[in-house]
Amino acid sequence: MAEIVRMPKMSDTMTEGVIAKWHKKVGDTVKSGELMAEIETDKATMDYESFNTGTVLYLGAKEKETVKINDVLAIVGKAGEDFSSLLAGATKTAASGGKTEVQSEVATAVAEAAIDTKGIKAEIVLMPKMSDTMTEGVIAKWHKKVGDSVKSGELLAEIETDKATMDYESFNTGTLLYVGAKEKEAVKINSVLAIIGEKNADWQTLLKASQTQTAGAAAKPTAPTPAAATTPASGTVASSNAAVHTNGRLKASPLAKKMAKDLGYDLSKIQGTGDQGRITRHDVESYKPAASGKASEPKTAASIMLPSVVGQESFEEIPVSQMRKTIAKRLAESKFTAPHFYLTMEINMDKAVEARKSMNEIAPVKISFNDMVIKAVAAALRQHPDVNVSWLGDKIRKNNHVHIGVAVAVKDGLLVPVVRFADSKSLSHIAVEVKDLAQKAHDKKLQPADWEGSTFTISNLGMFGIEEFTAIINPPDACILAVGGIKETAIVKNGQLVVGNIMKVTMSCDHRAVDGAVGSAFLKTLKGLLEDPVRILI
């Protein structure tokens, strides 16, 4: 009885596989454990060994085509067996629990039937995935042009990925009929790279059929089936972690194999430098048989014996608290929605250090540098109201009041209580209020009125020894000020090298609401207030 073979999940992040090579074709017999195909995943090209014994009745994709996890990879059964009803009724389990859907191959077959490509003697070459993070490739150089003949193993193009420029060797033989992009242009993975076939083949129809199929595939829903039904047993899928596989086959490009054969080299002695130890053309060209033989001989009788280190891997999974979920949602929305830009400035805090010392001698409560920064920021916002704004999508709200949000680290994350009308309060008032709000935050006693309504936010990590950092904007504010610690460092003053107390601040701005010149003018005013703190008391 015929059975469906589905695309297995070969890595924890794999969502689809590309058929790098079929080792069986329709009509061939296959036995359990025999190599059936080479599948390119998001991490490596891996061997797929059959679990079934019988005749290959159907293949779900051609070489270089993509098959999503749990979609039909092949059908294996008795020779001549009718598998059409099995294919049409193929179902897969939805992630929601038990719901079934008609297999996507039926929709694909309908799309292919609309444009008949059976008589076209040409094949589409898709852009391969050449690194685990690659999403597109740039054509660095074409080594063939339209009309040139191409042989399997010949260098077709040089493709620039996100990690390196790599050679792409053709798996097809024929005439180059079409190229999907010019040099320096990008091609997404699994998009059309080229079409190779007979000289007068109707490649336009083939290209149109491919584009129709791709558009249809983009709209298909997918649903993973239980891991037990899709994950092959341990040891049945051999990873290409080295040039030599567990089944004794060598991992080498077709051109490298041909060059090694012509030169009389033993491939097993050549060290591969390609992806997952793959032997490339450059490895064969740089290989020196005589030097290799000498290098394999031990240079000294003594050898270093390394002790075996045995350890135990362990981890703990902690449920995400509602606070952390809220922080993650809000800051992710801010970071990926608001176009951040950053302005950094150094502030000489010599006079601020002296002023704080004098104020704490008479103040009813101890005043911190953070309190002074809050007061200075509030005063600067009064002079630069274009920074004291909020982005509301179709309009900008210019706030006439100054409410400063102060980031406070707590056990489960971060809270931002608000000092309201900070510009109208004295330093002593701000100091008492910030301490009270911080204590409420640690005791989880803050009320909504305590954290709502900020117009500007300050995040200070100076007490942890952090000199400089950038912060993510706290929506709906348009700006947040990241404050570093005060550090004694060498500065030039009146032409002399002296020791000064320097504090770095970095303001993150939402470019939709605040421009660079506006933010810079604000920081210049803030710098003047902190470098001459008497001005914030007036």
Side-chain angles (χ1 to χ4, degrees), residues 327 330-353 368-391 402-409 413-419 422 430 434 454-491 500-533 536:
I327 291 170
R330 284 174 56 83
L331 294 187
E333 288 175 353
S334 173
K335 184 65 176 178
F336 299 122
T337 303
H340 287 52
F341 73 91
Y342 308 97
L343 301 170
T344 300
M345 183 171 281
E346 289 186 349
I347 300 174
N348 189 323
M349 297 290 285
D350 285 348
K351 289 186 178 180
V353 171
S368 68
F369 287 112
N370 194 55
D371 300 329
M372 297 178 71
V373 170
I374 293 171
K375 180 64 177 176
V377 165
L381 288 173
R382 270 286 167 231
Q383 298 182 45
H384 300 275
D386 289 339
V387 177
N388 194 40
V389 298
S390 304
W391 176 260
V402 178
H403 291 351
I404 305 294
V406 182
V408 177
L414 193 71
L415 291 173
V416 186
V418 179
V419 179
I430 291 173
V434 169
S454 67
T455 62
F456 190 98
T457 304
I458 296 173
S459 179
N460 191 339
L461 294 178
M463 67 287 292
F464 297 106
I466 302 300
E467 295 180 18
E468 180 182 1
F469 70 103
T470 58
I472 299 173
I473 296 169
N474 179 35
D477 298 354
C479 298
I480 184 171
L481 187 72
V483 182
I486 299 173
K487 181 182 179 182
E488 284 190 342
T489 187
I491 62 171
N501 293 283
I502 299 299
M503 180 179 75
K504 289 184 179 181
V505 296
T506 299
M507 188 163 72
S508 306
C509 305
D510 184 344
H511 216 324
R512 297 173 299 180
V514 176
D515 293 327
V518 173
S520 299
F522 167 81
L523 281 185
K524 184 178 180 181
T525 299
L526 177 64
K527 176 182 173 74
L529 291 171
L530 286 173
E531 290 188 344
D532 189 8
I536 66 177

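The CG atom of L523 sits 7.5 Å away from the CD1 atom of I347 when rounded to the nearest 0.5 Å. Expressed to the nearest 0.5 Å, how far CG of N474 lies from CZ of F456 amounts to 11.0 Å. Taken to the nearest 0.5 Å, the CD1 atom of I472 stands 8.5 Å off from the OG atom of S508. Here the CH2 atom belonging to W391 is positioned 12.0 Å from the OG1 atom belonging to T337, to the nearest 0.5 angstrom. To the nearest 0.5 angstrom, D477 atom CG is 11.5 Å from C509 atom SG. Considering CD of E531 and CD of E346, their distance stands at 10.0 Å, rounded to 0.5 Å.
Judged by distance alone, the side chain of K487 and the main-chain N or O of N501 form no donor-acceptor pair under 3.5 Å. Without hydrogens or angle criteria, D532 side chain to L529 main chain gives no donor-acceptor distance under 3.5 Å. Judged by distance alone, with hydrogens and angles left aside, the side-chain atoms of T525 form no donor-acceptor pair with the main-chain N or O of A380 at under 3.5 Å. In terms of modelled atom types and a separation under 3.5 Å, the side chain of S454 and the main chain of T457 share no donor-acceptor contact. Using modelled atom types, no side-chain atom of H403 and backbone atom of A422 make a donor-acceptor pair closer than 3.5 Å. Side-chain N or O atoms of N348 include one that pairs as donor or acceptor with a backbone N or O of D350 at under 3.5 Å. No donor-acceptor distance shorter than 3.5 angstrom exists from the side chain of S334 to the backbone of R330, with no hydrogens or angles considered.
Taking both residues in full, the closest heavy atoms of R512 and A338 are given as NH2-CB, 3.5 Å, listed atom of the first, atom of the second, then distance. Between V389 and A513, the shortest heavy-atom contact is CG2-CB, 4.1 Å. Between H511 and G516, the shortest heavy-atom distance links the atoms CE1-N, 4.4 Å. Here the shortest heavy-atom pairing between F341 and D515 reads CZ-C, 3.6 Å.
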What do the steps show when you test L481 against V377 for side chain to side chain contact (heavy atoms under 4.5 Å, CB included), and what is the final call? CA-CA 9 Å; L481 187 72; V377 165; 3.8 Å; yes

Chi angles and distances behind the side chain to side chain contact (heavy atoms under 4.5 Å, CB included) call for V406, I374: CA-CA 8 Å; V406 182; I374 293 171; 3.7 Å; yes

When you look at E468 and T344, which way does the side chain to side chain contact (heavy atoms under 4.5 Å, CB included) test go after all the steps? CA-CA 9 Å; E468 180 182 1; T344 300; 3.4 Å; yes

Worked check of side chain to side chain contact (heavy atoms under 4.5 Å, CB included) between D371 and V434: CA-CA 8 Å; D371 300 329; V434 169; 4.1 Å; yes

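When side chains are defined from C-beta on, L530 counts as touching M503, because their heavy atoms get closer than 4.5 Å. Using a 4.5 Å cut-off on side-chain heavy atoms (C-beta onward), I458 and V373 make contact. The shortest distance between side-chain heavy atoms of I404 and L381 falls below 4.5 Å. Using a 4.5 Å heavy-atom cutoff, the side chains of P475 and E333 are not in contact. Annotation: side chain of I473 is not in contact with side chain of C479 (no heavy-atom distance under 4.5 Å). Side-chain contact between I502 and M349: absent, with no pair of heavy atoms (C-beta onward) separated by less than 4.5 Å. Between V408 and L414, the closest side-chain pair of non-hydrogen atoms is not below 4.5 Å.
Considering T470, V483, L343 in turn, T470 is the only one that fulfils the side chain to side chain contact (heavy atoms under 4.5 Å, CB included) rule with T506.
Contact check on K504 versus E467 returns no salt bridge, with no Lys/Arg side-chain nitrogen under 4.0 Å from an Asp/Glu carboxylate oxygen.
Classification of the F522-H384 ring pair by plane angle, with boundaries at 30° and 60°, yields perpendicular.
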